[in-house]
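Down below is the structure, laid out as structure tokens.
As the structure lists them, so they are numbered: ligands from 1, and atoms in each ligand from 1. Because the structure is predicted, anything quoted here is derived from the model rather than measured.
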Amino acid sequence: MLTLASLFLFPQFKTKADDGMWIPLLLKKYTIDDMRKKGFKLTAEDIYSINNASMKDAVMIFGGGCTAELISDRGLIITNHHCGYSSIQAHSSIEHDYLTDGFWAMTDGEELPNPSLSVTFLVRMEDVTAQVLKGIDEKMKESVRAEIIKKNSAEIEKATAENGKYLTEVTPFFYGNQYYLFVQQEFKDVRLVGAPPSAIGKFGGDTDNWMWPRHTGDFSMFRIYVDKNNKPAAYSPENVPYKPKKFFPISLKGVKKDDFTMVLGYPGHTQEYIPSYAIKMITETENPARIAVRQSKIDIIAADMEKDRGVRIQYSSKYAGISNSWKKWIGENRGLARLHSIEKKEAFETDFAKWVSGDKNLLSKYGTLLVEYQDVYKNLSPYALASDYFFEAIWRSEIIQFANRSGGLTNSKDLPKDIEALRKYSEGFFKDYNFETDKKLFRKMIEMYYRGAGKDFQPELMKFVNTLSILEIAENEAFDVFTNHLYQNSIFTDKQRLNSFLDGLTNDNLAQLLADPIYKFYRDFTAFYVSKIRPENDIAETKIDSLNRIYMKAQIEMDTARNLFPDANFTLRVAYGKISDYEPVDGVIYKHYTTLEGILAKDNPEIYDYNVPQRLKELYKAKDYGQYAENGEMHVCFIASNHTTGGNSGSPVINANGELIGVNFDRNWEGTMSDIMYDPSQCRNISLDIRYALFLIEKFAADKRLIDEMLLIK
Ligand code: ARG
Ligand code: ASP
């Protein structure tokens, strides 16, 4: 961390480090010179322009949590396999198991529509800070301030939507110091074009997730369809492939160490400017609790998946979700410790306090900030812990979600319709439900809540532990007894019981639902959370929001030497850096790319995550790589120093000439703390080498028509 003193001593440190997620609209003003200095050959207008076609017209939000990009003039798009996963799964059945076998449409006609999938492009963005903050004065109560901002934003959004043609949204930046309007256009007819088998698209599974070296062929392909006028339209068989303003040419030249790279996409959430107290709470209280809860879930599910193939199929997607964040938090905690992040923030705060105390005006604006932070985090900590336990152990439980969903019946306006909806939901629920696995999970989770959330945060119903102890039932056993009672009697744990309940349900016997033991547990526990945990949480969070806004303003004011980037907020950003190896531990260098060689080295038919498809082995043996090899080797993935986070999955990775060289999909474990503190020596984004995807499309899937519609730069 640069201290103020060092800035004065070494003004040359002004040049930017590799971290940063930059606002496309402001590239020209702040960023493009540095990008060009580092090798970029095009202009800011080539990335973001409202007058001419630019890269932003080829990048989109995919399905609400990922990024994707256009790669042909017929609306062809590429994203990650894990981003297309639910669409691929939705089309899969025992007869057509596209998850296992892959899927390739050989004609437009074979491409598969996805009713619940859409993509969204940025049309333009605009700084609307002045309009949004109209009527605000700094002495206002936070709640009044929030009301005014909400009202001003809604007006802007309405005025710019052109009667529903666009989706418009005003989004805060720098914790509410700036506001931007985003005008976006949504396309709703997006069809599945191709996906490799999971043994390629998810190769390495959760074992290799968040890790480098990596060999995952994490891509899938879709196509945008539009009406005859090239305008967005709901699905129709009459629709035609979209003719975009811009798509990415694809480079076959590959990457070398130190090459310039750029990632355009939708990073979700980072917290680079929080104080040491916040990092302390995250690393010492929240992450350990969340990691422990998920560790227990993982142990239970993994053991049952190992024993039973049916359970494996039912729980693999749930398992991936649980383990993804679990592993990320572990990496984050290790990385933050290794970086001495708390000490670094404390050193910064010492400098900050010195800066503030040197000026009367600053002192009156910022003098109490750090003390207030310290107080509020001290108050929040036990509530944050209880809240984490509530959400991770209780609320996220599948059976509790199911009960929550059925709660709508109690105040239904159209009971027959809602009963049908719940019946339909229950089909999907029970398809992926294993009674024994779920019971074990529930049993463990209530125990973890009981032991972890703290004495002051136990709802009445947890008293069963004491009650049973009167009967000389040990604590351990008490959880068994309680769980058995719930699971043997509830309508939510048995399809037949649920259906016969729904069959006989009228407005007159809804009381039966209220008496259901799992429903009661859900309701009482949630009510406890809402009355005893959430209020204090909300008060602290509101206070923190306000402190963050002021602290952010102060940090910008203090650090005039650097141009700070706003934290990620799922708006389009540009990150740039270079292809770069790294030293994960003393004495070891991790190379910047991996090859097919490494996939074969991991091959093991006994291990689910490493079962290499026969056909890929044959292509490897024959070295049949077409035009996609480099010195006889098939490159698979590469790493670079682009600052990315969740949401950047599927983002285009671009070379100095604006050509696509890869598809971003992950980060390395040593670098996952980059959401809180970026370390240029350790933080790397992991991308699929686009040539591996092309090789798979042409040689593995033999879907040459897709290659033919792309623009390949040799
Ligand atoms: N870690 C990557 C991201 O955060 C990929 C996750 C999907 N893969 C998995 N094995 N769960 O989303
Ligand atoms: N895998 C993440 C995603 O799905 C990307 C990341 O966190 O680096 O967006």
Side-chain angles (χ1 to χ4, degrees), residues 19 21 59-69 78-89 99 195-196 198-212 214-220 261 263-271 294 297-298 301-302 305 312 315-332 335 567-573 575 577 602 607-610 637-653 662-676 678 682-688:
D19 58 333
M21 304 167 164
V59 181
M60 70 208 87
I61 297 174
F62 180 90
C66 279
T67 306
E69 55 275 9
I78 188 164
T79 185
N80 292 145
H81 187 266
H82 80 261
C83 295
Y85 201 78
S86 57
S87 302
I88 305 164
Q89 184 185 32
L99 277 184
S198 293
I200 290 174
K202 214 187 160 200
F203 182 77
D206 294 298
T207 318
D208 287 6
N209 190 23
W210 295 115
M211 306 248 256
W212 183 258
R214 187 68 157 276
H215 300 89
T216 313
D218 200 344
F219 79 102
S220 58
T261 58
V263 173
L264 242 83
Y266 282 85
H269 181 64
T270 60
Q271 322 177 66
R294 291 200 180 205
K297 292 190 190 182
I298 284 170
I301 299 174
M305 276 170 59
R312 174 179 288 288
Y315 281 77
S316 66
S317 175
K318 300 174 197 175
Y319 183 91
I322 294 167
S323 108
N324 194 41
S325 308
W326 163 80
K327 198 160 176 182
K328 156 139 186 243
W329 291 325
I330 294 174
E332 182 171 271
D567 268 318
N569 57 2
F570 206 56
T571 60
L572 185 65
R573 299 293 179 89
K602 282 179 180 170
I607 300 176
Y608 186 84
D609 288 340
Y610 295 128
C637 295
F638 62 81
I639 46 173
S641 60
N642 303 287
H643 193 179
T644 54
T645 186
N648 268 124
S649 273
S651 298
V653 188
V663 182
N664 185 74
F665 71 92
D666 209 1
R667 280 171 286 160
N668 61 332
W669 216 15
E670 300 82 2
T672 45
M673 71 296 190
S674 66
D675 289 348
I676 293 174
Y678 189 93
Q682 293 298 315
C683 295
R684 298 291 176 267
N685 66 310
I686 303 179
S687 305
L688 169 77

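Remark: the backbone N or O of Gln682 is paired with a side-chain donor or acceptor of Asn668 at under 3.5 angstrom. Although no hydrogens or angles enter the test, the distance criterion places no donor-acceptor pair under 3.5 Å between the side chain of Asp666 and the main chain of Ile686. Side-chain N or O atoms of Lys297 include none that pairs as donor or acceptor with a backbone N or O of Tyr319 at under 3.5 Å. Without hydrogens or angle criteria, Trp210 side chain to Asn324 main chain gives a donor-acceptor distance under 3.5 Å. Looking only at distances, no side-chain donor or acceptor of Thr67 sits under 3.5 Å from a matching main-chain atom of Ile61.
Near ligand 1, heavy-atom contacts under 4.0 Å come from His82, Lys202, Gly205, Asp206, Asn209, Trp210, Ala320, Asn324, Phe665, Asp666. Residues with a heavy atom under 4.0 Å from ligand 2: His82, Trp210, Thr645, Gly646, Gly647, Asn648, Ser649, Phe665, Asp666, Arg667.
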For this session: Dump the intermediate steps for side-chain contact (heavy atoms from CB on, under 4.5 Å) on Cys683 and Asp19, then the final yes or no.
Result: CA-CA 9 Å; Cys683 295; Asp19 58 333; over 6 Å; no

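Qualifying side-chain hydrogen bond (donor to acceptor under 3.5 Å, both in side chains) partners for Ser198, counting only residues two or more places apart in sequence or in other chains: none. Scored by the side-chain hydrogen bond (donor to acceptor under 3.5 Å, both in side chains) test, Asp218 finds His82 as partners (sequence neighbours excluded).
Ring pair Tyr678/His643 is tilted by interplanar angle, where 30° to 60° counts as tilted.
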